[in-house]
Trainee: 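One structure is given below, represented as structure tokens, and several questions about it will come after.
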Amino acid sequence: MFCSSIGRRLAVAALLTLTWQPLYADNTVAGVCAAVGKKLSSVSEKECLALGFAQPRFFSVNGRAMLEKRFLAEESDAPRVLFIGGIHGDEYSSVSVTFKWLNTISAHHSGRYDWLFFPLVNPDGLLRKKSTRVNAHNVDLNRNFEPAKGFPNALKHWKTRAKKRARYYPGETPLSEPETQMLFQLIEEYHPDVIVSVHAPHGILDFDGASVKPPRRLGPLYLRQLGTYPGSLGNYAWFTKKIPVMTIELPYAGIMPKPKDIDRMWNDLVRWVDRKVKPSAATLAARSKQKPTGLE
Ligand SMILES: [Zn+2]
């Protein structure tokens with residue numbers, strides 16, 4: 001009797017679990033482009049499709065395709081920039097502006113630098129009915145990296161200093177999320193010289209790293225170095241991997257910068273990459289040893 005009742009309960013629980021699994025029929029680039037076009041007034045489905053994103057090789061918690069686009073350099077020792085938008089799903093402008101820059105580079109790629117773009121790292125957060133900073137597991141992806149040596153445990157820090165605010169929940173363990181695992185893997189195999197991550201709404205330019213001098217400004221955004229949080233990408237990439245991270249904090253999450261300012265920020269960024277960013281001898285050696293990967 002007892003056993004069969006437990007068995008029945010287990011069967012019901014299993015059925016409920018199945019019923020409650022999120023079902024996304026479309027895990028393709030086209031599916032994400034259609035959803036992004038519906039969600040963001042500044043990005044159209046057509047514009048997204050026209051960018052020709054690669055066959056997806058990474059997926060979010062809910063199985064959505066990660067949009068990925070590489071622009072190859074002509075020379076193998078050219079600077080490499082890993083460019084990410086939308087790690088926080090409620091920062092709409094960070095995704096929309098990254099799309100505008102993708103359009104620009106698609107039309108004018110010089111071949112002097114190598115760019116790897118992921119314009120929407122947290123598609124589940126953005127594409128919820130009410131968009132969220134966190135991913136589908138309610139984890140702040142920008143707190144889910146392994147804290148650098150000498151920095152506190154991210155979960156402990158969240159429970160005390162961050163006062164358990166849900167928006168900053170780092171997850172139970174570092175790299176628990178497929179989205180952060182993806183960024184971890186990209187850093188290992190792409191060996192970027194700099195990572196650019198677009199956020200909103202603080203209206204500043206932040207920079208973690210001392211191997212290269214940051215620009216004083218990007219268009220209307222002035223440099224203000226705020227320091228890093230344990231578990232953030234800036235903390236991991238700079239303090240553990242010695243890869244500088246530029247954080248572009250747009251002034252508003254829901255309002256686009258003026259087209260003139262979008263162009264100025266891009267031009268200032270490219271000028272800075274051109275003048276300051278050079279791969280180190282160690283990075284070039286690491287790249288030459290890299291086995292062929294899924295990178296296009
Ligand atoms: Zn953010």
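Being a predicted model, the structure only gives us computed values, none of them experimental. Computed from heavy atoms alone, side chains included, the values below leave out hydrogens, waters and symmetry copies. Remember, it's 1-based here, ligands and their atoms both numbered in the order they're listed.
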Trainee: Going by side chain to side chain donor-acceptor pair (under 3.5 Å), name the residues that satisfy it together with Tyr92, two or more places apart in sequence or in a different chain.
Mentor: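 Expected list: Ser131.
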Trainee: Hydrophobic clustering (ILVMFWY, side-chain heavy atoms < 4.5 Å, transitive) - are Ile243 and Phe151 grouped together?
Mentor: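 No, separate clusters.
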Trainee: What I want to find out is whether Asp77 reaches Lys278 closely enough, with some N-O distance under 4.0 Å, to be called a salt bridge.
Mentor: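 Between Lys278 and Asp77 there is no salt bridge, as every charged N stays at least 4.0 Å from the carboxylate O atoms.
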Trainee: So which protein N/O/S atoms does the Zn ion (ligand 1) have within less than 2.8 Å?
Mentor: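 N, O, S partners closer than 2.8 Å: His88 ND1, Glu91 OE1, Glu91 OE2, His199 ND1.
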Trainee: Going by atom types alone, do Gln181 and Gln185 pair a side-chain donor with an acceptor below 3.5 Å?
Mentor: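 Not at all, the side chains of Gln181 and Gln185 share no donor-acceptor pair under 3.5 Å.
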Trainee: Given Trp238 and Phe207, is the ring-ring contact (aromatic ring centres under 6.0 Å, His included) satisfied, shown in steps?
Mentor: CA-CA 10 Å; Trp238 171 243; Phe207 196 85; 8.3 Å; no
Trainee: For Arg217 and Tyr222, which I'm curious about, is there any donor-acceptor pair between the side chains at under 3.5 Å?
Mentor: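 Note: Arg217 and Tyr222 side chains meet the donor-acceptor criterion.
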